[in-house]
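Values in this document were obtained by computation on a predicted structure and should not be read as measured data.
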Number of protein chains: 2
Amino acid sequence: MRATTEARLLDAAEELFFSRGIAATPVDAVLARAGASAATLYRGYPTKEALVAAALDRRHRDWVATWDACVERQPDDEGRLLAVFDALDAFRSGPRGARWCAFLGAAAEHADESAEVAAAVRTDTETLRSRLTALAEPVVGPDAAALAEELLLVVSGDLAMRLRDPGHRTALAREVARALVARRRA
Amino acid sequence: MRATTEARLLDAAEELFFSRGIAATPVDAVLARAGASAATLYRGYPTKEALVAAALDRRHRDWVATWDACVERQPDDEGRLLAVFDALDAFRSGPRGARWCAFLGAAAEHADESAEVAAAVRTDTETLRSRLTALAEPVVGPDAAALAEELLLVVSGDLAMRLRDPGHRTALAREVARALVARRRA
DNA sequence: GTCTATATGCGGATAGAC
DNA sequence: GTCTATCCGCATATAGAC
């Protein structure tokens, strides 16, 4: 499979699966958008679920890169901790912007998802948890893990709010997060 | 359609759709659990989506009733405002407990859901918003709407966290909410 | 009113040509 | 390696008997 075809397939998969829903998107729609045929897809991936998992994996790598860039742009520890909200904004308004969260969406669609998809969701959660904890450590020290758990709740809430209200602004979550950080500092 | 058959159909729909996913659950599975046949289902509802919408409607009424009961049990204004978390716990561990949130789940599955389903989701959100605002009014007065928006974020975050970690405890959300209330009071 | 049996369409996946 | 054409199964919905 040529690299460009593979990339187009993943692009199309990401765009359609994570905005319209996975089950609601037939592979034919992905193929049409990618300009590829079914045989080409199934040459690279054994099943539709494998394509979903591959799209999630690539998305996760790009999300972490976006987040890293936002962290590095901040001058102080608290800014770096709250940079996750800049990243949410940036990722959303960028070319990879989806309706809400690709990982939560994949988890929501099937109680028994394939092992690969389930692993991708778990990885996303653990990445958020561990990175938030590390970023919180210089800010609140021993409370880092507890604060990270609170921020994970707020991040997930921001993502879920996009389902309730497509115009939902990340500013609310950032404001709530700031209050939670301040509370632990005091 | 006999009332008991109708109730069994809604029970089965609720249990399966909102735990395993709507698209992932064929109507046959609902029929098998309800002990009814396809003809009986389609006598009462024109489409599968209509059954989903009916199950959401009934669930919404019962959720509000559960919430009301938790509010009434509280002795003070702050307790009544935070009673939404008691209700989340009670609803979850009761017989209607689902994997996460039936309304967010329905919204997640299709970008273009049927008008009835979309309306049910919107109703759920607006109910949360307006009731939280009303309950916040005696606690923080003019800040009620702003606080309600924050609490809606936290409630949605608690629900989304259930997807990330099935054992997620509501206590975290309640604690965060308490801090947000305290901040607005001061 | 509920059943059995079935029509109908669509989605995932494959075979075989080029 | 990619395409065209197609198979096969499953899911929604209906027809007609009891």
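Comment: B:R92 does not engage B:D89 in a salt bridge, judged by the lack of any side-chain N to carboxylate O separation of less than 4.0 angstrom. A salt bridge links B:R131 to B:D68: one of the charged nitrogens lies within less than 4.0 Å of a carboxylate oxygen.
Not one side-chain nitrogen or oxygen of B:T5 sits closer than 4.0 Å to the OP1 or OP2 atom of C:dG1.
Note: the hydrophobic cluster containing A:F103 does not contain A:L151 (ILVMFWY, side chain heavy atoms under 4.5 Å, direct or indirect links). The hydrophobic cluster containing A:L163 also contains A:L104, counting ILVMFWY residues as joined when their side-chain heavy atoms lie under 4.5 angstrom apart, directly or transitively.
Rounded to an integer number of Å, the gap from CZ of A:R43 to P of C:dA13 is 16 Å. Per the geometry, CG belonging to A:L31 stands 16 Å off P belonging to D:dA5, to the nearest Å. If you measure from atom CG of B:L41 to atom P of C:dA5, you get 19 Å, rounded to the nearest angstrom. When rounded to the nearest whole Å, the span between CG of A:L9 and C1' of C:dA13 equals 15 Å. Rounding to whole angstrom units, OH of residue A:Y45 and P of D:dG1 are separated by 15 Å.
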**Request:** Sugar-phosphate means primed atoms, P, OP1 and OP2; the rest is base. With that split, encode nucleotides 8-18 of chain D 5' to 3' as B, S or - using protein heavy atoms under 4.0 Å.
**Result:** ---SBBBB---
Less than 3.5 Å apart, which donor and acceptor atoms pair up between the side chains of residues 15-22 of chain B and the rest of the protein, not counting sequence neighbours?
{"unit_1": "B:E15", "atom_1": "OE2", "unit_2": "B:R33", "atom_2": "NH1", "d": "2.6"}
{"unit_1": "B:S19", "atom_1": "OG", "unit_2": "B:E15", "atom_2": "O", "d": "3.4"}

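Crowding of A:D112 atom CG: a count of heavy atoms from other residues, nucleotides or ligands under 6.0 Å not exceeding 12.
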